[in-house]
Structure formats: C-alpha cells, structure tokens
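To keep things clear, I will list the structure first and then write my remarks on it.
Just so you know, ligand 1 is whichever comes first in the structure, and atom 1 is the first atom listed for that ligand. Residue numbers count from 1 along this sequence.
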Amino acid sequence: MIRVFGAPPNRTHRVLWMLEEGGLEHELVPLHTAEEVAGCAELARLNPNRRVPTLVDGDVVVWDSLAINLYLSERYRLLPPEGTAGRAHAVQWSIWAQTDVDGPMLSLLKSRSGPEPERDLAVEATAETTLRGRLAVLEEALAGREHLLGGGFTVADLNVAAVVAPVFLVKIDLHPFPRARGWLRTALARPAAQKIFALAMQGSPAPAG
Ligand SMILES: N[C@@H](CCC(=O)N[C@@H](CS)C(=O)NCC(=O)O)C(=O)O
C-alpha cells in the first residue's frame, strides 16, 4: 500500500491529485503543521529534510511533490509523457515549476492571504512581476497546443498546474495570458483535481483510496 506523509493544504495535495487521477489506493499519514512534521520520527527516518509530502511505495521512498508525481507516472503508467524526449520535457517543466514559480507564488500567497497590517507590498510587487514573466513563458509554450507536451494531458501539465493553481487566489489578472488561463482552467476542471482541491480548501485530510 502506498503511504503519503503530509496533509492538504500543504504541498501534499499535488500528490493526492496524481493518486486520484490513477485511482491508486493509498494511506495518508496526516501531518498538518510544521510542529507535526518536525515531531514525526518515522518521517525523519524516511526523509532527512523532514518535509512533506514524502511517499513510501514498498521499499521505494521518494520526496519532493513533483518528483513523487514523476515516479508515480512512470511506475503506474499514469498520465505518461511519450518517449525519451517527452520524459525529459516532463522533468524540465517540473523543475521549472519548482524553481521558477513555487517561490514567488508562495511569497505572494503568504502576503496576500495574511492579515492586512502584515502585508509586504514590496515583496508582493516583486513576486507579481516575476509571476507575470512566468505566465508569459507558459503562454508562449501553449501556442498552437492544448497541453505542454503537445499531445494529451500528462504529468507535466499536472505538475505545472498544481504549482500555478494558486494564481487564482493571489488575484493576478490572467486576461493577458488567455492560453495559460484556459489551460489551467481545463486542468483544474478534471474530476480528480476538483475533488482534491475541494478537500485542500477545507483543510481536511483526503480519504485513503
Ligand atoms: N519542494 C518540496 C517542498 C516541501 C516543503 O517545503 N514542504 C513543507 C510543507 S508544504 C514542509 O514540509 N515544511 C516543514 C518544514 O520545512 O519544517 C516539495 O515540493 O515537496
């Protein structure tokens, strides 16, 4: 049985979305707060970073949400990219999402969803400018294609969409990026995404299975 350490709405929902796409049975070890993560001895043994999500599948342990999804894609033939180039491009887009989008998105989310007096407008302005640049990259990549790798919806789309999804919460105007907006809406309208994001918004742990 696959085990996942973590709990939505932390980055665990990215992995739960992938598991849901494949209807893969799993057990969630719910760790919500930084204190719960830091205090979990089993997690510390599995992941020296002591971070969630962390996945255990038999004797395989994988950490980092998007790496976990790439593993699940290959292991269970879930939303697979085609061929060597497709696999490389799925890794490329996943690294891009993690390094180029995740940081500014979280900064903006933290500041805009926090109490008004604690908002840092300078940080927000920088993060928003950066994110607009990233959205322009997506817009260009989606010219003439509905999905990032050119065929159907793959793990590359899921990984990038899962990281970009909070763009609706941070209230960036997406009208200058119509292709990226349409692509993201389509990704988030998938039944698996709808189910997991609804749970993440409630802050409830997802059920196993
Ligand atoms: N790049 C990692 C980031 C993992 C991460 O920072 N997880 C946070 C929760 S969203 C965490 O475990 N924080 C606890 C800590 O750092 O002490 C991923 O995508 O899985």
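Atoms of ligand 1 lying under 4.0 Å from at least one heavy atom of Asn10, given by number and element, are 9 (C), 10 (S). The Arg14 neighbourhood of ligand 1 comprises atoms 19 (O), with distances under 4.0 Å to a heavy atom of that residue. Contact atoms of ligand 1 toward Gln98: 1 (N), 19 (O) (distance under 4.0 Å to a heavy atom of the residue).
In this structure, Val15 and Asn69 have side chains that are in contact, with non-hydrogen atoms separated by less than 4.5 Å. By the 4.5 Å heavy-atom criterion applied to side chains, Val160 and Ser94 are not counted as neighbours.
Using a 4.0 angstrom heavy-atom cutoff, Pro53 counts as in contact with ligand 1. No heavy atom of Leu66 sits closer than 4.0 Å to any atom of ligand 1.
Counting protein heavy atoms only, atom 15 (C) of ligand 1 is closest to Arg50 O, 4.1 Å. Of all protein heavy atoms, the one lying nearest to atom 2 (C) of ligand 1 is Asp64 OD2, 3.5 Å. The protein heavy atom nearest to atom 14 (C) of ligand 1 is Val37 CG1, 4.0 Å. Looking only at heavy atoms of the protein, atom 16 (O) of ligand 1 is closest to Arg51 NE, 3.2 Å. Looking only at protein heavy atoms, the nearest one to atom 10 (S) of ligand 1 is Arg11 NH1, 3.1 Å.
Of the heavy atoms in Ser65, both backbone and side-chain atoms come closer than 4.0 Å to ligand 1.
Using a 4.0 Å cut-off between charged nitrogen and carboxylate oxygen, Asp120 and Arg112 do not count as a salt-bridge pair. With respect to the salt-bridge test (charged N to carboxylate O, under 4.0 angstrom), the residues Arg45 and Glu42 do not qualify. Looking at Asp57 and Arg3, no side-chain N of the basic residue comes within less than 4.0 Å of a carboxylate O on the acidic one, giving no salt bridge.
Close N/O approach between Val52 and ligand 1 is found [any backbone or side-chain N/O within under 3.5 Å].
What you find for His89 and Leu149 is that their closest heavy atoms are CB-CD2, 3.6 Å.
Partners of Val37 under the side chain to side chain contact (heavy atoms under 4.5 Å, CB included) rule, at least two apart in sequence or in another chain, are Leu31, Leu43, Val52. Taking Trp17 as the reference, Glu21 meet the side chain to side chain donor-acceptor pair (under 3.5 Å) condition, with sequence neighbours excluded.
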